[in-house]
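Given the structure is predicted, the values throughout are model-derived calculations rather than measurements.
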Amino acid sequence: MRGLIIGVDLGGTKMHAAAVDENGALLHDEREKTLPEEGPDAVIGRIADLCRRINLALGVPHSELRAVCIGVPGGVDDAAGMVDKAPNLKWEKVPLAHLLSSSLGGVKVFLDNDVRVAVLGEHAYGCGRGTRTMVGIFVGTGIGGGVVVDGKIHMGQRGVAGELGHMVVKPKGPRCPCGKRGCIEALASRTSMERDVREMIAAGHKSSVIKIMKKGDRVRLTSSVIAKALAKEDPVMTKVVKRAQHHLAVAVSNVANLLDPEVIVIGGGIAERLGEDFVAPIREAAYERLLVQRDRERLRIVATELKENAAPMGAAFVARQRLAQLQPPPVRVASA
Ligand SMILES: [Zn+2]
């Protein structure tokens, strides 16, 4: 298929767009702040700018841009081109596909969920290449996931499958943003790690985490703060991360016992930064919990290969796939 395909990861803080060719090579990428407080029109204008910048950088005329797919942090209705609800952006019922398409001169725009496209990115171009069954768990502000079965993303009958973040691993555990208790998101997301760090420090445990946090522009437990505190062997950070890894291992083993996948990829900011250091303890503890121990190493539990490119590359993959589905079948000429 000729022409340029762009995938966009639309986050609450920043957006990241990438042009990817049919072999999965990243041709060029661009980033921009999202600034959702300026409203949907301003955000959509910035997405359009990113696409134009990519065209320009690659020296490709705008007419060659074939399709764009946006990975949205929330629920989408792709058929209607609508973002149903994206809490991080404070969007509800935003006709994103239509608005972006208009500002890009009628280019085809597809929508999907950001975690789902990241899982598809790893499946198509990353650590899941060539596998039939794969699971992705993305640890960030929250915890998202996706399941690939027989080479396709498993949507479920209502299209809501893959919510691994809300698997309950501790029924009387802390409250989750979803309202329930003890979801893995409430135990191992970056937000819950920050809560645990603050609680331990308030209880009198010595830690340099707050000092490291204050060096940044905001007092927040970012992946980089976690990495720095672990490198300094900060006792509070070490304990909090170990606890999160334990809970992730429980979740991973539950998923593995259910699906027996070939690969479970752990992504998101912390896994991108710490890689194998973050994943190795999760893998070891998860292996111990597998019901069937035979050939357990055949289950690969690995850190993200594409890192922050997983979502934009996956979105580009989805755009290419959906575009191909729209193409009319080749005209058959009956032989005489
Ligand atoms: Zn939950």
Can a salt bridge be assigned to the pair R46 and E32 using a cut-off of 4.0 Å between side-chain N and carboxylate O? no

Give a yes or no on whether a salt bridge exists between E276 and R283, defined as a side-chain N under 4.0 angstrom from a carboxylate O. yes

Write down the atom of F110, the atom of K108, and the distance for their closest heavy-atom approach. CZ-CG, 3.4 Å

Only one of L120, V147, I153, V148 forms a side-chain contact (heavy atoms from CB on, under 4.5 Å) with M134, so which one is it? V148

Paired with L221, the side-chain contact (heavy atoms from CB on, under 4.5 Å) test is passed by just one of I212, I210, V240, I226, namely I226

What closest approach, in Å, do Y287 and Q293 show between heavy atoms, and which atom pair accounts for it? O-NE2, 2.8 Å

Polar side-chain atom of E185 near backbone of G165 as donor-acceptor pair, under 3.5 Å: no

Can you tell me if D21 has over 12 outside heavy atoms packed within less than 6.0 Å of its CG? yes

Using a strict 4.0 Å threshold on nitrogen-to-oxygen distance, state whether E194 and R198 make a salt bridge. yes

Checking the side chain of R129 only, and the main-chain atoms of G126 only, is there a donor and an acceptor separated by less than 3.5 Å? yes

Do the side chain of D84 and the main chain of G75 share a donor and acceptor less than 3.5 angstrom apart? no

With a 4.0 Å cut-off on N to O distance, would you call R52 and D49 a salt bridge? yes

Nearest heavy-atom pair of Q245 and F278: which atoms, and what distance? NE2-O, 2.9 Å

Among L35, L10, V94, the one residue meeting side-chain contact (heavy atoms from CB on, under 4.5 Å) with V43: L10

